[in-house]
Each structure stands twice: as C-alpha cells, then as structure tokens.
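Counting starts at 1 for both ligands and their atoms, following the listed order.
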Amino acid sequence: MPASFPPAFLWGTATAAYQIEGAVREGGRTPSIWDTFSHTPGKVEGGDTGDTAVDHFHRRAQDVAMMADLGVNAYRFSVSWPRVQPTGRGPAVQRGLDFYRQLVDDLLEHDIRPVLTLYHWDLPQELESAGGWPARDTAYRFADYARIVADALGDRVDMWTTLNEPWCSAFLGYGSGVHAPGRTDPVAALRAAHHLNLAHGLGAQALRSALPARAQLSISLNPSVVRARSQSPSDLDARRRIDALANRVFDGPLLKGAYPRDLFEDTAHLTDWSFVHGEDLAVIKHPLDSLGLNYYAPAVVSDATDNRPDGRSERKDGHGASDHSPWPGADAVAFHQPPGERTEMGWSVDPSGLYDLLRHYAREAPGLPLMITENGAAYDDKPNADGSVHDPDRVRYLHGHLSAVQRAMADGADVRGYFLWSLMDNFEWAYGYGKRFGAVYVDYETQVRTPKSSAHWYGELARTGVLPPPPEA
Ligand code: FCB
C-alpha cells in the first residue's frame with residue numbers, strides 16, 4: 001500500500017450553484033426548477049429555499065481565500081444555467097458569466113484548479129414549462145448552453161463536467177417527485193434519463209468543438225453499490241433490476257453505446273423506448289477523459305413481490321419519503337438499512353462500498369481515469385462555547401473512505417482526485433438547511449464561516465498527501 005497519494009492528486013471540495021449562491025433574482029437570473037419547487041409549500045423541509053443560501057454570490061472572494069487557507073488544490077463548482085442563459089434559450093447574460101469568470105480567476109490566483117460542472121439540477125423553469133427533461137428538445141438546449149459556457153470560460157477552465165448525477169434529475173425529479181420539478185410519472189422519468197444521456201453526448205460534442213485540446217471532459221454519476229440481502233434467486237434478481245435502473249441505464253450508453261436489454265424488458269409494460277433514436281447511442285458514447293463518481297453509502301435490496309413496499313414507511317432507499325417509487329418497473333423491491341453506524345441522513349457508513357465501486361469501474365472502463373467527485377457525510381455539528389466546531393465523526397468518515405480509496409488504488413484503480421462534499425454547510429435540497437455536510441460550519445443567521453476540525457484535518461492531508469493513522473474512536 002502506498003504511504004502517500006501521488007503528488008498530482010487533486011484534493012478538492014465540491015459545491016453546487018443553487019445550494020450556495022443565493023442572489024436568485026440578481027443580474028438577470030430567472031427561476032430554475034429548484035426555485036419553483038422550494039417555493040411550493042410542503043416540498044422542502046421547514047419551507048427552506050435557496051433564495052439566500054450561504055450568500056456565496058456576494059462572498060465569492062472570501063470563500064476562495066478560505067479554500068486557499070485550508071490548503072486544497074481543486075474546487076468543483078457548478079454554473080447556474082438560469083444565471084447565464086435565463087430562459088434556457090438564446091443569448092447569454094454577460095453579468096452571469098462575469099461571476100464565474102471572477103470565481104475562476106480567484107481560484108487560479110490561489111493555485112486552485114477549477115472543475116466546472118455545467119448542470120447540477122437547476123434547469124431554467126421555462127424549459128421545464130416547455131416539457132423539461134422528458135422532452136427531447138431539452139437535450140439540444142443543453143448543448144447550446146454548454147457552448148455558451150465553453151466560449152466564455154474555455155480559456156481558463158480545463159476540467160469540464162457535463163451533468164451531476166443524472167439519476168437524481170431523472171428519477172427523483174420525475175419519478176418519486178422528491179426533487180424538482182416534483183413530477184411523479186415513471187415514463188417521464190425514463191424519458192428524462194435518456195434525454196439526460198443525450199444531453200451529455202451533445203454537450204460533450206459542443207464542448208469538444210469549442211474548447212482547446214487540453215480540456216478534459218467528464219460526467220459525474222452516482223452509481224448505487226447495490227447488494228442483495230440474500231443469495232436467493234429472487235433477491236439477486238431484485239439487485240439486478242435496481243442495478244439496471246441506477247447504474248446501467250447510464251453507464252451502458254456512456255461506456256458501451258447500448259442500453260441494457262434487461263432494462264427494456266423490465267419496463268416493457270411502461271414504454272417501448274421509442275424515444276431512443278438510433279443515432280443517439282453513438283452521440284452518447286462520446287469519449288471521456290475521466291469518469292466522476294459520487295459515493296455516500298451502499299444499498300441493500302430484496303425482492304418484495306409478495307410484500308410490496310407501499311408508500312412512505314416502507315420505502316427506505318435513502319432518497320426521501322414519497323408515495324411514488326423512483327424505480328420504474330421495480331416497485332416490488334425493498335430497501336434495507338444494514339446494521340451499524342449511520343450519518344445524520346440515515347445513510348450507513350460503509351467505506352467498502354467505495355472500494356467496490358472504484359474496483360468495479362476500473363474493470364468496466366479500463367484505461368479511463370476515475371475521480372471521486374463527491375464523498376462526505378452530514379452530522380449535526382454544533383459550535384462549542386468558544387465558537388470552534390469539532391466534528392470527529394466526519395473525520396472518521398473521511399479517514400475510512402480515503403483508506404478505501406488508497407486500497408483501491410493499490411489494487412489497480414486509476415484514481416486521480418477526491419472532492420469532499422461539501423466545502424461548507426448549505427441548502428441540502430429537499431432537506432433544506434437541516435443537514436450539514438460542510439467541512440466549514442456556516443451560521444445561517446450571520447453567514448459567518450468557521451472551519452470545523454475536519455476542514456483542518458483535510459487541509460493537512462491535501463498539503464502533505466499522507467493519510468494519517470486512523471483517529472481514535
Ligand atoms: C448528492 C448531490 C449533492 C449533495 C449530496 C449530499 O446527491 O449531488 O448536491 O446534495 O448528494
């Protein structure tokens with residue numbers, strides 16, 4: 001096992017525009033689906049919205065200086081589509097692009113590598129009103145938007161990610177409805193998945209044609225590490241069904257240029273998939289320079305054909321309560337909480353899942369560098385009387401997962417970087433501000449930022465590249 005990570009390893013933190021920026025009505029920005037959704041009563045815990053979030057739009061320079069103080073060498077952020085192209089069509093708004101130009105310049109000045117994500121879930125509301133991701137046209141709109149951002153920032157950003165977690169956009173947004181836009185239609189969810197894949201391919205083509213040759217293209221997936229509760233044929237089949245809907249629906253077309261046959265069979269009663277046009281698959285299989293993987297916890301499933309999970313209390317897949325399943329054609333699968341430690345999200349702490357994930361993609365996509373674009377944990381952090389914030393659980397979580405990364409690398413996985421979710425506490429989607437994932441604590445009343453002990457721990461690791469011994473339990 002290597003004593004230290006390679007010198008070129010990227011040590012970053014990650015955020016997303018709607019979760020941190022605020023300033024939702026400034027500079028010509030129009031509502032995204034998340035503005036509409038968060039302002040719809042009952043959709044987000046506590047009625048929280050991203051209106052102010054952590055005010056990063058106004059605190060950009062200070063936040064970048066804070067990252068530099070911590071010692072990280074990379075930053076993964078997303079561009080807000082409605083901030084740079086408010087209606088999702090037509091010309092760009094320069095004021096919106098200027099914000100990201102300044103952000104990138106600040107990062108470069110501090111030797112922090114910008115890693116730009118084009119789409120982290122904030123579709124311009126106008127495009128949703130015109131049909132959203134279930135409509136094919138949205139994929140073409142995304143390619144135009146990709147081109148706009150590439151033309152504006154291609155001279156200074158060389159790591160580009162098309163989409164963040166298309167699974168969540170498609171299946172939580174249009175299937176279970178716990179994410180924006182909150183639709184609950186299984187066929188719309190499947191159509192959305194395909195059009196997100198197509199958007200990735202068209203977007204990658206647009207980026208390639210607009211960017212300098214050195215630019216690197218990627219996508220961030222959140223594959224499920226799915227484990228069967230038993231080795232019975234029916235539980236193994238439940239695992240297969242969820243694997244198709246969580247993983248192979250994306251990595252099949254992306255890496256192999258084909259959708260899995262069993263997915264078509266499992267969903268044949270819902271759709272004939274005629275929304276997939278013959279030429280789409282070659283577009284989607286556009287060459288990538290790395291694959292981004294987001295990992296939090298594994299899933300344990302069993303067959304529930306004779307005992308259908310029905311509604312809120314039964315469906316414990318960790319993606320929020322809904323009467324509608326995010327798994328079209330696999331409603332009769334039960335999700336189980338493995339025993340053991342959990343985070344504040346109720347997600348189990350299991351670094352072996354990250355090891356398995358990295359080894360899996362090292363086999364599935366030989367020669368393709370891997371990047372962990374999100375990993376982290378929510379805990380109920382509270383400041384001490386002296387204002388300091390001590391988060392030993394998060395340090396242990398990070399240590400365990402980074403040890404797993406190191407093991408996977410020793411066993412052959414080509415991992416190039418790790419991005420801690422998240423730089424600072426922020427708007428955690430349907431959970432609002434109640435769940436804190438930050439390495440930096442944010443007081444939401446005053447917007448004062450306080451690095452937690454995990455931030456200091458992580459910064460030291462980023463500076464030295466040496467994983468220290470495990471912290472005391
Ligand atoms: C991921 C999202 C990210 C954050 C983490 C906790 O699914 O990409 O924005 O909310 O979960």
Any N/O of Trp121 closer than 3.5 Å to an N/O of ligand 1?
-> no

Counting only heavy atoms, which portion of Met345 has something under 4.0 Å from ligand 1: side chain, backbone, both, or neither?
-> neither

Could an N or O of ligand 1 be found under 3.5 Å from any N or O of Asn294, whether backbone or side chain?
-> no

Going by the order shown, which atoms of ligand 1 are within less than 4.0 Å of some heavy atom of Glu428?
-> 4 (C), 6 (C), 10 (O)

Nearest to atom 7 (O) of ligand 1, what protein heavy atom do you find, and at what distance?
-> Glu165 OE1, 2.5 Å

Atom indices of ligand 1, in the order listed, that fall short of 4.0 Å to a heavy atom of Trp429 | 3 (C), 4 (C), 9 (O), 10 (O)

Can you list the atoms of ligand 1 that are under 4.0 Å from a heavy atom of His120?
-> 2 (C), 3 (C), 8 (O), 9 (O)

State, without any angle test, whether Arg227 and Ser352 hold a side-chain donor-acceptor pair at a distance under 3.5 Å.
-> yes

Determine whether the side chains of Asn197 and His194 contain a donor N or O and an acceptor N or O closer than 3.5 Å.
-> no

Looking just at side-chain N and O atoms, do Tyr444 and Thr52 make a donor-acceptor pair shorter than 3.5 Å?
-> no

In the protein, what heavy atom is nearest to atom 5 (C) of ligand 1, and what distance, to one decimal place, separates them?
-> Tyr296 OH, 3.3 Å

Row check, Tyr355 ring normal vs Arg407 NZ/CZ: under 6.0 Å, within 45° | yes

Structural part of Asn164 in contact with ligand 1, heavy atom criterion under 4.0 angstrom = side chain

Would you check if there is a donor-acceptor pair between the side chains of Thr15 and Tyr75 at a distance under 3.5 Å?
-> yes

Could you tell me whether Trp121 and Tyr119 have their ring centroids closer than 6.0 angstrom?
-> no

Can Asp35 and Ser32 be counted as having a side-chain donor-acceptor contact under 3.5 angstrom?
-> yes

Between Phe57 and Arg83, is there a cation-pi geometry (under 6.0 Å to ring centre, at most 45° from the normal)?
-> yes

List the closest protein heavy-atom neighbour of atom 3 (C) of ligand 1: residue, atom name, distance to the nearest 0.1 Å.
-> Glu374 OE1, 3.4 Å

Where ligand 1 meets Phe437 - atom numbers and elements under 4.0 angstrom, heavy-atom basis | 6 (C)

